[in-house]
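Each chain gets a letter, A, B and so on, in the order the sequences are listed, and its residues count up from 1. Being a predicted model, the structure only gives us computed values, none of them experimental.
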Protein chains: 2
Amino acid sequence: LTRAATPADAPAVAALLHAFNSEYGDFSPGEKELTRIYRELLEAGELTVLLADGGTGFAQVRLKRSHYTGLPDAHLEELYVVRRRRGEGIGRELLDAAMAAAREAGATHFELTTGEDDLAARALYEAAGFTNREGHPDGPRMLYYEREL
Amino acid sequence: LTRAATPADAPAVAALLHAFNSEYGDFSPGEKELTRIYRELLEAGELTVLLADGGTGFAQVRLKRSHYTGLPDAHLEELYVVRRRRGEGIGRELLDAAMAAAREAGATHFELTTGEDDLAARALYEAAGFTNREGHPDGPRMLYYEREL
């Protein structure tokens, strides 16, 4: 089961993101700083976080008003399940809850990015109806680019 | 030269996006509907649009507060140059103006998505310092996934 996080959950969400980044060797500003930022963003309603039972994982969704439809588009920014609880379907549950929350907010489109070599994540997304192909199932792959400013 | 669009520019921006979609056979809700939505989003300050001189192209940027830094992250949602004016550097000018606008708003990170087969766009982004690789120059590619809700 999952539930929507409130600002009071900021420390729990921060701990999960910190664990996520530590596991993959990615930068983390630390739990204290993450707690501060999550509290602000959750209070301002700038993001939606779904928490899995017992703090075993979380999904994070951002909404923005589409310039095509005027309706919200949803972007999955984080999806994480603690290592000891993988393979039980918690990731799919969180993803479904994130899509449900987006639908409830009126969103019609849902997007995310992931690494080519993250086969478990890609299998999860593909099983849930996501495509990386443009236009049709054999279309060109859609790529994500970034740089620091 | 480029300048930031105001709500009064909504019809010009809508015409450019409509031309963009028509050229690539993508869905467009039509200029009238796009004008209505762009006027709303520009009035609300939900996006930044840079217009090239004489309506020859546009770039569109969305900002959101990062949960890592508390500072804005920037996402390039559209970049288009009219067909008769390609190859003159207008795309790079628009991209540079979009990055400058993002920096001015305090953003430290800039991201975008594009199709694997859009070699001109990819060359432009790579020349401007963007990477599609995770972690290091030979890292796995970063992929974009989507589905309708």
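Contact of B:Glu134 with chain A is made through the side chain alone, with heavy-atom distances under 4.5 Å. When heavy atoms are compared at a cutoff of 4.5 Å, A:Ala128 approaches chain B solely by way of its backbone atoms N, CA, C and O. Residue contact with chain A, scored on non-hydrogen atoms closer than 4.5 Å, involves the side chain of B:Arg62 exclusively. Using a 4.5 Å cut-off between heavy atoms, A:Tyr68 touches chain B through backbone and side chain atoms alike. For B:Leu149, the parts sitting under 4.5 Å from any heavy atom of chain A are the backbone and the side chain alike. Proximity to chain B is absent for every atom of A:Asp26, based on heavy atoms less than 4.5 angstrom apart.
For chain A, the option among B:Leu17, B:Leu47, B:Asp73 with the highest count of heavy-atom pairs below 4.5 Å is B:Leu17. Contact count against chain A (heavy-atom pairs under 4.5 Å) is highest for B:Tyr144 among B:Phe110, B:Tyr144, B:Phe27. For the set B:Lys64, B:Glu148, B:Glu146, the entry with the most heavy-atom pairs within less than 4.5 Å of chain A is B:Glu146. Taking chain A as the reference chain and counting heavy-atom pairs below 4.5 Å, the highest number among B:Arg36, B:Glu33, B:Arg133, B:Glu40 is found for B:Glu40. Between chain A and the residues B:Glu126, B:Glu116, B:Arg103, B:Arg122, the most heavy-atom pairs under 4.5 angstrom are made by B:Glu116. Between chain A and the options B:Ala14, B:Gly25, B:Ser66, B:Ala44, heavy-atom pairs under 4.5 Å are most frequent for B:Ser66.
With respect to A:Glu111 and B:Arg147, no salt bridge is recorded, no charged nitrogen being found less than 4.0 Å from a carboxylate O.
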Intermediate values then yes/no, side chain to side chain contact (heavy atoms under 4.5 Å, CB included), B:Met142 and A:Tyr145: CA-CA 7 Å; B:Met142 299 181 285; A:Tyr145 277 84; over 6 Å; no
After noting the C-alpha distance and the side-chain angles of B:Thr113 and A:Leu143, does the key distance pass the side chain to side chain contact (heavy atoms under 4.5 Å, CB included) rule? CA-CA 5 Å; B:Thr113 63; A:Leu143 306 179; over 6 Å; no
How far apart are the C-alpha atoms of B:Glu46 and A:His67, what are their side-chain angles, what is the distance that settles it, and do they pass the side chain to side chain contact (heavy atoms under 4.5 Å, CB included) test? CA-CA 10 Å; B:Glu46 288 180 32; A:His67 55 292; over 6 Å; no
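Residues A:Leu34 and A:Phe58 are members of one and the same hydrophobic cluster, defined by side-chain heavy-atom contacts under 4.5 angstrom among Ile, Leu, Val, Met, Phe, Trp and Tyr.
The stretch residues 75-88 of chain A places A:His75, A:Glu77, A:Glu78 near chain B, each with some heavy atom under 4.5 Å from a heavy atom of that chain.
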